[in-house]
Structure formats: C-alpha cells, structure tokens
Visitor: 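First, the structure itself, so that you have it in front of you.
The structure displayed is predicted, hence computed values, not measured ones.
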Amino acid sequence: MILKKLFGPKQEVISAEKIYQSVVSQARTPQFYLEVAVPDTIDGRYEMIALHCFLVLRRLKKSGSKFQTLSQEVFDLMFQDMDQSLREIGVGDLAVGKRIKKMAEVFYGRIIAYEEALEGGEETLEAALERNHYGTLEVAPQPEILTRMADYVRENDAFLAAIDDAKLEIGEVSFSSLQ
C-alpha cells in the first residue's frame, strides 16, 4: 500500500483523467450535432472538446495557483488524446507534431477569444463562437443557434464556477445540458 502510494499515479493525474473523461463525454452529446449545427466531423468534435476544456480550465484558473498542476494535466491529456486520434486516422508520424502544434495554437486563440467575450470584451460570445467554433462551416449558423450555444457556454461557465474545489480535487466535474 505504501509502495503504491509512493509510486502510483499522483492524485492530479487521476483527477485530470476523470475531468478529461467528463469533457469528452459532454463533447460527444448528440444534441450538439443534431440541434446546434456543430458539424459531426473531426473539426467539429475537436471544437467541442476544446470548448469544454476551455470551460474547465477557466474554472480551475479561478481557484488561483491551487489547480495549476491539475490544469496542466488536463491540457496535456487533451493533446495526448489529439495525438493518438491523429495517428488512428492515419496521419504520419512526421506530420502529427506539426498538426498538434497547429491545434494548440488554435486552442490558445479560442481561449483568448472566449475568455474576452465572457468578460464583456468588444466581441460578443456569439461572434467569437461563429468565428471560431463554427469557423469551418461554409454557411454561418442561424443567429438563434449562435445565441443558444452562447447561452450554453455562459450557463456552464456559471455552473462550473459553483462546483466546490474539493470536488475538483478529486476530478468530479459535470456540465449542465444544452437548453
């Protein structure tokens, strides 16, 4: 038991795995693909995971440096998953690194855009979602869809903010449903 405690995975790793599983599970909810025009493509699935990871990382950041390691673990898991997914669809070893680097740049861009929009920046959340989340669509979604998705993001930002730090420490994260 002592050896397991000494050499077993750290609690942050275990918690990050649970959190990332919650993120992926929520991102795969069929309602997003059927009701709010998220394309059921590799890009669309990536956008859903990125959006939910952003919300979780934003929540962890609100607790200060306490969850810095946990945040990094969640981020690392996301990109390990992306790396594995790219390899599974046949992307060659030499190209995987370049694609992961591009995906990380895209993710950082979304973090800035969504963060500023949620904090009342110049760009509305609806506009940020249209430009980023739905950026691969040839035809922009209807305004009511953008509003519905923006409301979902705002609701989950508040929902996650209400989760107790003790639950986050053990990786317990949940999301509200799309209304």
Visitor: In sequence, state the C-alpha distance, the side-chain angles, and the governing distance for R148 and E35, and then conclude on salt bridge (Lys or Arg N to Asp or Glu O under 4.0 Å).
Guide: CA-CA 10 Å; R148 190 172 174 201; E35 296 180 19; 2.6 Å; yes

Visitor: State, with a plain yes or no, whether a side-chain heavy atom of M78 is found less than 4.5 Å away from one of V74.
Guide: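 They are not in side-chain contact.
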
Visitor: How far does CD1 of I112 sit from CD of E123, to the nearest 0.5 angstrom?
Guide: 12.0 Å

Visitor: Hey, are the side chains of I49 and F107 touching, using non-hydrogen atoms and a 4.5 Å cut-off?
Guide: no

Visitor: Which heavy atom of Y33 sits nearest a heavy atom of D40, and at what distance?
Guide: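 It is CD2-CA, 3.8 Å.
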
Visitor: In a table with atom names and distances, give each donor-acceptor pair under 3.5 Å that connects a side chain of residues 95-106 to protein atoms at least two apart or in another chain.
Guide:
none

Visitor: Would you say Q80 and L77 make side-chain contact, with heavy atoms under 4.5 Å?
Guide: yes

Visitor: Checking the side chain of S71 only, and the main-chain atoms of L60 only, is there a donor and an acceptor separated by less than 3.5 Å?
Guide: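 Checking the backbone N and O of L60 against the side chain of S71, no donor-acceptor pair under 3.5 Å is found.
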
Visitor: Using the side chain to side chain contact (heavy atoms under 4.5 Å, CB included) rule, take F54 and V23 through it: C-alpha gap first, then chi angles, then the decisive distance, then the call.
Guide: CA-CA 10 Å; F54 156 72; V23 163; over 6 Å; no

Visitor: So, taking the atom named CG in L160 and the one named CG in L168, what distance separates them when rounded to the nearest 0.5 Å?
Guide: 8.0 Å

Visitor: Would you say the side-chain atoms of R110 pair up with the backbone N or O of N132, donor to acceptor, closer than 3.5 Å?
Guide: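 Flag set: sc R110 to bb N132 pair under 3.5 Å.
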
Visitor: How many angstroms lie between atom CD1 of I19 and atom CD of E12, to the nearest 0.5 angstrom?
Guide: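 These two atoms lie 10.5 Å from each other.
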
Visitor: Tell me which one of D157, L125, V153, L55 satisfies side-chain contact (heavy atoms from CB on, under 4.5 Å) with Y114.
Guide: L125

Visitor: Does anything in residues 137-169 form a ring-ring contact (aromatic ring centres under 6.0 Å, His included)? List the pairs, not counting sequence neighbours.
Guide: F32-Y152, H52-Y152

Visitor: Does any part of the side chain of H133, heavy atoms only, come nearer than 4.5 Å to the side chain of M48, both counted from C-beta?
Guide: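 Side-chain contact under 4.5 Å: yes.
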
Visitor: Tell me whether L94 at atom CG has more than 12 heavy atoms from other residues, nucleotides or ligands lying less than 6.0 Å away.
Guide: no

Visitor: Would you check if the side chain of S25 reaches a backbone N or O of Q21 as a donor-acceptor pair within less than 3.5 Å?
Guide: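 Flag not set: sc S25 to bb Q21 has no pair under 3.5 Å.
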
Visitor: Drop me the distance from L146's CG to D151's CG, to the nearest 0.5 angstrom.
Guide: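 Answer for the CG-CG pair, L146 versus D151, is 11.0 Å.
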
Visitor: Group every Ile, Leu, Val, Met, Phe, Trp and Tyr by side-chain heavy-atom contacts under 4.5 Å, then state whether F79 and I89 land in the same group.
Guide: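 Yes, F79 and I89 fall within the same hydrophobic cluster.
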
Visitor: Please name the pair of heavy atoms, one in R59 and one in A161, separated by the smallest distance, quoted to 0.1 Å.
Guide: CD-CA, 3.6 Å

Visitor: Indicate yes or no for a side-chain donor-acceptor contact from R154 to the backbone of L118 under 3.5 Å, with no hydrogens or angles considered.
Guide: no

Visitor: Identify the heavy atoms of A37 and P141 that sit nearest to each other, and give their distance.
Guide: CB-CB, 4.4 Å

Visitor: What do you reckon, is NZ of K66 surrounded by more than 12 foreign heavy atoms closer than 6.0 Å?
Guide: yes

Visitor: Taking atom types as modelled and ignoring hydrogens, do the side chains of S63 and D165 form a donor-acceptor contact shorter than 3.5 angstrom?
Guide: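 The answer is yes; a qualifying pair exists.
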
Visitor: Do other residues, nucleotides or ligands put more than 12 heavy atoms under 6.0 Å from K61 NZ?
Guide: no

Visitor: Could you tell me whether R28 atom CZ has more than 12 heavy atoms of other residues or ligands within 6.0 Å of it?
Guide: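 At most 12 heavy atoms, drawn from other residues, nucleotides or ligands, come within 6.0 Å of this atom.
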
Visitor: If we only count heavy atoms from C-beta on, is the E115 to R58 side-chain gap below 4.5 Å?
Guide: yes

Visitor: Rounded to the nearest 0.5 Å, what separates atom CD1 in I42 from atom CD in E47?
Guide: 13.0 Å

Visitor: Kindly write out the residues that satisfy salt bridge (Lys or Arg N to Asp or Glu O under 4.0 Å) with E88, not counting sequence neighbours, or none if the list is empty.
Guide: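 Listed in chain order: nothing, the list is empty.
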
Visitor: For S176, does its backbone N or O pair with a side-chain atom of E155 as donor and acceptor, under 3.5 Å?
Guide: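 No; judged by distance alone, with no hydrogens or angles, the pair does not exist.
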
Visitor: For residues I163 and Y20: do they belong to one hydrophobic cluster (side chain heavy atoms under 4.5 Å, members Ile, Leu, Val, Met, Phe, Trp, Tyr)?
Guide: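 Yes: a chain of side-chain contacts under 4.5 Å links I163 to Y20.
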
Visitor: Shared ILVMFWY cluster between V13 and L70, side chains joined below 4.5 angstrom?
Guide: no

Visitor: Run the side chain to side chain contact (heavy atoms under 4.5 Å, CB included) check on M149 and L51 step by step: do they pass?
Guide: CA-CA 11 Å; M149 194 64 173; L51 180 64; 3.7 Å; yes

Visitor: State the CD-OG1 distance between E116 and T124, to the nearest 0.5 angstrom.
Guide: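 Output value for this atom pair is 12.5 Å.
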
Visitor: Under a 4.5 Å side-chain heavy-atom rule over Ile, Leu, Val, Met, Phe, Trp and Tyr, are M82 and Y108 clustered together?
Guide: yes

Visitor: When you measure from the side chain of T41 to the backbone of G44, do you find a donor-acceptor pair of N or O atoms at a distance under 3.5 Å?
Guide: yes

